[in-house]
Each structure stands twice: as structure tokens, then as C-alpha cells.
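Every chain is numbered from 1, with letters handed out A, B, ... down the list of sequences.
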Amino acid sequence: MNDPMNLAQAAILEPAGLTETDLDQVFAKLNQSTIDLADVYFQSARHESWSLEDSIVKSGSYSIEQGFGVRAISGEQTGFAYSDEITLDALLESASAARAITKSGTSLKVKGWQRRENPQQLYLPNNPLDSLTETEKIALLHLADKTARAESPYVQEVLPSISASFEVVLIADNQGQLVADVRPLVRMNVTVIVDKEGQRESASYGGGGRYDLTWFNKEQRVEEYAREAVRLALVNLEAVAAPAGSMDVVLGNGWPGILLHEAVGHGLEGDFNRKGTSAFSGKVGQQVASKGVTVVDDGTLENRRGSLSVDDEGTPTQCTTLIEDGILKGYMQDKQNAKLMNTSVTGNGRRESYSCLPMPRMTNTYMHAGGYDPEEIIASVDKGLYAVSFGGGQVDITSGKFVFSSSEAYLIENGKIGKPVKGATLIGNGPEAMTRISMIGNDLALDSGVGVCGKAGQSVPVGVGQPTLRIDDLTVGGTA
Amino acid sequence: MSREDQLVSLSEHVLEEAKKLGATAAEVNTSSGEGLSVDVRMGKVETLEYHRDQGLGLTVYFGKKKGNASTADVSPQAIKDTVEAACRIAKYTSDDECSGLADADLMATEFPDLDLYHPWDIQADEAIDIALNCENAAREFSPLITNSDGSGVSSYRGTNVYANSHGFTGISKGTRHSLSASMVAQDGDSMQRDYWFSSSRLPDQLDSPESIGKQAAERAIKRLNGRQIATTKVPVLYVPKMARSLIGHFTGAISGGSQYRKASFLLDTVDKQIFPEFVRLHEQPFISQALGSASFDKEGVALKDKDLVTDGIVKSYLLGSYSARKLGLQTTANAGGVHNLSLESTGQDFDEMLKMLGTGLLVSELIGNSVNGITGDYSRGASGFWVEDGEIQYPVEEITIAGNLKDMYQHIVAIGNDIDYQGNTRTGSILIEEMTIAGK
């Protein structure tokens, strides 16, 4: 019963009384000779979250998300309709609406349904909502609260939260493929507010992945999140104004990989490059980063937040090399853009839910390690910034300008780490900044599993990672 | 049965079920909407989407404990599961003295017709034609427009019902239509993208497709060959669309949640001078046809006109019933946010604002958001134009602007009468005396 296909059958098709013959009917409407690709994406998801405030269980919520989206593609054109009612009538109606994008052609019959086994299963198809009792879930929150308060007398408020989701998807396409995936996802976050003689700061830390909730009971993860949040907030209490201007910046390993996500990742998504609107358009084969820089997007890492056994078009994910030794190798693709650009799919077709269209999206994007010791990298900078943690980022893919916001950073003076500085925006130009990476550390790390990426209004979970890096001449947006 | 009758009876059913399971109070929000959106690019249809959404969100109270649940699937089984889930959750949450519905005597009793519902009976083909006209106008505007990121038309109509166990039922119906274009301009190595849009509750109040296309094209072209300026401290003028975010940071700071958690750079500021004396910010929920209009808040509490800032002095926080109880105050009918904020102008038009700026930075776009809500420290990526003696000189990019919001608010010099009426916050351009620009 632990097979994703059986689970999807039981969660989606059976309750609706749908059979393969019904799918035949839907695709008879959808699959016209003028259509290149048609698919139906069924989704059934349950989310649950709990949070604490004032050391009491302030709220809990549960949500049900269920429905299907029907898509028909002809060349660059896509017709799309969705419904939260999984019934044959709704499917037929949506199929008619979706195929209205093209003139009617000959109706093509799907030649038998192939229930495809996933070549990889990167996470267990267990429901994390049921993995702990309510009392046990709440105990995790109290543990975070207690740990954080014990950590420092300045801790004023602790806001821990945990969330779990369980998503079952089933994808049927006009090639007759039926693919299923069962996706658990958990996340814990601890936000603290500290007050030292009237001066206040807050900070957050957390982690997660495609596990069940028992994962948080291991290796003192909850305690680590709570302590790290307190440490970050206390550091920021001591922070002085951040410097303003262009300077050499050392980025810590792990989560600062958000740099890659913004500076190059989005610019290498297939849709922007097919349209020629990315600052990286037409640059495959060219030097776009310093020698030694190798960046990959890898959806196949077991249990990672950004990983998927298959993407939302049913394509198995893979490790795609985007930049190798500074040379641009290729883009991240979904089916439509791969076809239009005459290249292969890379398993990057993702969507927020059945009610949104898939697009090329990142999974886990990270840079391979280099040879420098991190201390050596810091010691190489006379006057600059050492940025260890970041809040978030954004990019204008056409001009290539990207920003990311530091949440823990220190001055570097004469090769030594100095005072902490307040949060500031760092801004650069993607293609240029990548060529100013002058040192790559030997300490590759991935983030702790909290990343969310937004594109065209759709949010999906992602991962990032990198070794310690030195970038020359990046603009730091402080006030000093 | 009409859509709203269906939602009302669904809401009543859910409240009834919650009561059967032992809830002492409950509130439910149900919604249903449908829409169409088309996107065209380079003269061809790119996407045609039909939207149909439903949803239900429920909060139940067992004394002072509460539970939430929501569903996008409104089948009888899903609704049963949802009610049970909310009640199960409430068993495990703690007694919280401040939790509960808003007080019964605060519920709205008058429901003026705000004229918010104007469906657009538009077929896909017509929408495609409008989008194509818009994109064509942009592409024909100049040979510098080398590429398009598309033009789109969307239309949405929705009905919401909020009901609670005080016996309150409130219905709101609304429409929203929009037309947008995003164009790419290129000159040598410089490539820039910019957009323009129009949105309204009434289809015939949308700007013409041609004017939107031209604006998008013109904006993209103006950004070409931008320069990074040297790090400096100068006056900064925010165009209205960007100025709106400064008010957003203010409303965030005076919201109940950040006040009772003491997580605001404007703690305990009611009756204190935060802005210069000429600043007035008021909330007007009943403006006919406006995007933010409503007659009750998310808890059913009657809305009313009020000043948030008078003569530069903060007059009110933004509270729902929960944060109000936490602070020992009365709700301000702002559960769920604000309804049509207006910042009064000091009377200058945009050219006069530029003259007042003199030599400094005109900010037309912001990117990233490093704004610390507890300390007010502000640092954002920006692009715009360098201005000398009130004249625009050249586009500027890859810079940041930074300061502290408390200082920035105190040093607002003027507010233009170039008011942008699209959206929930109406303001003209805002001039700040000095900020730090980081660049080369």
C-alpha cells in the first residue's frame, strides 16, 4: 500500500469513482491533432500547523486542498482550466475549456494507460500529520520555547511554529502515462524577540525537509533552532550601522547560497531564455562566472525540501549542471520550454498547486566546493563585509540586478572578523557578480530546509547551498 | 439558488455543525469566484486560463480555546472533515483570555451599496484582442522595444460571506478587472524590462490598451543605459507607486500584532508626533467603487471613517478584537487590514516635487525588502533617475537606499498631488529630506 500509485489511486481516483475509461473520455476531448501536449494534474493535500505564543498554544490550523488542473499546449500557447471538484463532469468541462486554445483537429485516442513506476523515491510516502500525536507536536513547541528562554535573560517572547503537509499527486498525460508521487514536507521555525534595556531585536531560525515530524525529535534539532534564533537576535542587539558602498564581501556557507538562486538561478530558467528576456539569454557555452565556479540544480537529494521524485509534469528530477568551471552549460526546463527550445526536459516543471500552471523552477541549487580554507578567505580581505545569514532576495532577470538582505553580518578589518552590523541589502548584477567570485571555500553546506521561492505569484519549496565565497566589489546598502 | 444564497446556507450549515460538536462560538468565511485571464506575447496567445475558486475557512471556540481549519474542497465530506479538524485542534490549544469573536454590539448593522460589483461579460476572443492591441501599441512605440514579456487581460468576480454565532451574516460581492503590459527595451548591451497596468472594479474604467502599452514601452526605454552612482547622502523622491510602501511600513508598525508583541519601531505612539505637522493619513472604507471598500471587517465589525494620523500625530492603532483585548483597548475594525487609506497631499504637482528635490534621487522601482520592523532600519535595492536642479539627468541602477523609518517619517518634506488611485492606499509622490545611497 506504500506505493505512490496505489496511494494516489486510493486518495484521488477512487473517492471520485474515476476509472481509466473515464480518463479516456477526458483525453478524447483534450487530445486533438493540433495539441502538442495535454495533461491532467490531480492533487490532494492536507496541511496542519501549530504555534505557540506567551508559552501557550495560541493557534492551530488544518487545511484541505484538493482538485485538478487540465492543460493543453499547442506550440507557445497554453489553455488551462481547473476545478476543486474531482468529478467526470468537471473534468470534461475543463478539458473543453483548456483545448479552446486551438482550432479543433482530429481527436486522437490515448493508446492505453501506462502506470509508470518512479525510477527514484527520494522520501517515504508517510503522512507526517499522523506521525506524532497532537500532544507530541505541542511538546516540540514547548521544548523550543523553554530552550530559548533558558538561553538568555533578554529573551522576551518566543514564537515557535511547526507545519506539516502531505500531498498526493497524480499526473495523466496524452502519451498515456500515469505517474504518481506522494510528498511529505515538514518545517519548524522559531522566532524570538529579545529586549536588552529597552533595545529590541528579533531573529528566526528553523529547518525541515521531506520527512515526518519525528525527524525533529532527533539530534536535538529543536534545541538547535531555538538556540540559533536567540544567538542571532543577541548578535543583532550589538550591531552597528552597516557600511554603505562597494566592497569585498565574504559570504558564509549554506543559506547564503540564496546568492546563486537570485544572481544566476532564475536567469537560467528555460521560459525566460526561450523568450530571450533573461540577462543570460543566448549565453550557453560562454564564460559567465569565474573559473572554478560550478553550479548545479539537483532535485534528487534524498529528503531535501527542494527535492522531488518526479516534477509536476511527471518527469523524474535530475542533477542539472548549470555552470561548469565558469562556463554556462544549460537551462532548467519544463516540457513546453524544452520542446520549443529543442532541448531535453530537466525535471524542473513545477507548480504551486492544481490551480496554477507549471513553469521551469529551481529545486536545490548549489555551488560545488573549491579549495580554500574559509579562514584563509576571511584573512584575504583588508576591509569588507562577512555575511553569514540572509533574510531573502529578489532579482530582475532582464537587467540581471539582484538583491539579498543580510540578517547576520560582520565587518572585516585587516583580515579579521570585527563588529556585527545591522541588516542591509546587498545589490549586484548577476552575470557580473559571478565573474567577481575570487575565492571558493572547501566547506560546501546546504541550508537547513526553510526556503520558499516565489515566481509569478506561485510559491514552491526550494533548497540552496554553497561553500564560503569571496566576491570582490559588491555594493552593500548600509548607512555608515 | 443564487451564489450568495448558497454561500449563506453553507455558512449557516457549518456554524450549526460546529455547535453540534460542542463549539461555544464559531465564525466562518465562505467564498466563491470565477474569472478569465489571457496573456499574449509577440502577437500570439500564450495562455488562456479559466479560474473557478471556492473556499471555506472556519474558526471555532470552545470557551477560550480556538481551532482553525479551511478547505478548497466544499464537498459534504470535506466540510465535515474541516469542521471536525477545527474542533479537534481547539481541544489542544490553550485557554487564552483574549480569544473569541468580536463583541456582538460592534457588528455592522448597515450595509450601504458601495457599488463594487460590475462583472465584465467578456469572451476569450475579445480579451485576446484587447491584449493584442495593448502589446502592439507597445511594440510599435519605438524600435528600442525589441522584445515583449507579454500583455494580459484578467477579469474576476467573487462573493464572500462572513457569518458568526452572534447571528451576524455579511455578504460582500466584488469584481476586479485588469489590463497590463510588460515590455523589454534594448540598446546595445543594456536590456531593461518594465511594466504598466490598470485595474478597476469597472471594466469601462480601465485605461485604454494603447495607453498602457505605450506607458510600459516608455518606462522600459527610459531605464536603458542606467548608471551606478557613487555612494552619497541626498534627498530622495519616491514616485507614488513606490511611496505607497512607506505607508505600508507605517501600518505594519501600528498594527495590533506588532504593538502587543512589542515588535514595532513605533511602540506606544498614539498621541505622539511621528510625522511633520502637515501629514494626515485617513481611512475611508465607504468610497464608492474603490478597490478597498467594505462595510464590515473580517470579524463583522462595522467600519467607519477615521484618521490614523492628524497633524503628524498618530491617532489610532490598527486593531482587531484579539490585539485590542491584548492591549486593553477597543477594536478599531481593522481585523484583516485597512480599507482605502489616503495620504493628504501638500499640494505640489510632480514637476514642483522635482524642483523641491533639487539635486538628488528619484526612485521609480524598489527591489528586495530589508526593513526591520522592530528597529525601523531600512535598506532596499532601488533604481530610478538622477536629478539635478529639478531636471531628470539619467537613469540610475544597482544602488541601495537606506535610513531609519522613524527619521524618514520625520523628514518628509512634501507629498505630491500626483495621486495614484489604483489600490488600497492612495498617495502622491513623497519627498524625503535625506537618505544614504550606496553605489560605486
Do A:Gln77 and B:Thr47 have side-chain atoms, one donor and one acceptor, less than 3.5 Å apart? no
Check whether [X] reaches the backbone of [Y] with its side chain - one donor and one acceptor, N or O, closer than 3.5 Å.
{"X": "B:Asn147", "Y": "A:Lys275", "answer": "yes"}
{"X": "B:Lys233", "Y": "A:Thr479", "answer": "yes"}
{"X": "A:Arg200", "Y": "B:Lys262", "answer": "yes"}
{"X": "A:Thr277", "Y": "B:Asp149", "answer": "no"}
{"X": "B:Arg380", "Y": "A:Ala424", "answer": "no"}

Examine whether an atom of [X] lies under 4.5 Å from a heavy atom of chain B, and if so say whether it belongs to the side chain, the backbone or both; otherwise answer neither.
{"X": "A:Asp396", "value": "both"}
{"X": "A:Gln156", "value": "neither"}
{"X": "A:Lys401", "value": "both"}
{"X": "A:Glu201", "value": "both"}
{"X": "A:Tyr354", "value": "side chain"}
{"X": "A:Ile86", "value": "neither"}
{"X": "A:Glu93", "value": "side chain"}
{"X": "A:Glu53", "value": "side chain"}

[X] [atom1] to [Y] [atom2] distance, which is reported to the nearest 0.5 Å:
{"X": "A:Lys58", "Y": "B:Lys65", "atom1": "NZ", "atom2": "NZ", "answer": "14.0 Å"}
{"X": "A:Phe80", "Y": "B:Ser37", "atom1": "CZ", "atom2": "OG", "answer": "9.5 Å"}
{"X": "A:Ser399", "Y": "B:Met191", "atom1": "OG", "atom2": "CE", "answer": "8.5 Å"}

Residue, of A:Ser355, A:Gly276, A:Gly391, that accumulates the most heavy atom pairs under 4.5 Å with chain B: A:Gly276
Criterion salt bridge (Lys or Arg N to Asp or Glu O under 4.0 Å) on B:Arg88 and A:Glu48, from CA distance to verdict: CA-CA 12 Å; B:Arg88 170 177 59 84; A:Glu48 189 182 277; 3.2 Å; yes
Verdict with reasoning, A:Glu85 to B:Arg52, per salt bridge (Lys or Arg N to Asp or Glu O under 4.0 Å): CA-CA 10 Å; A:Glu85 230 183 302; B:Arg52 190 188 289 173; 5.2 Å; no
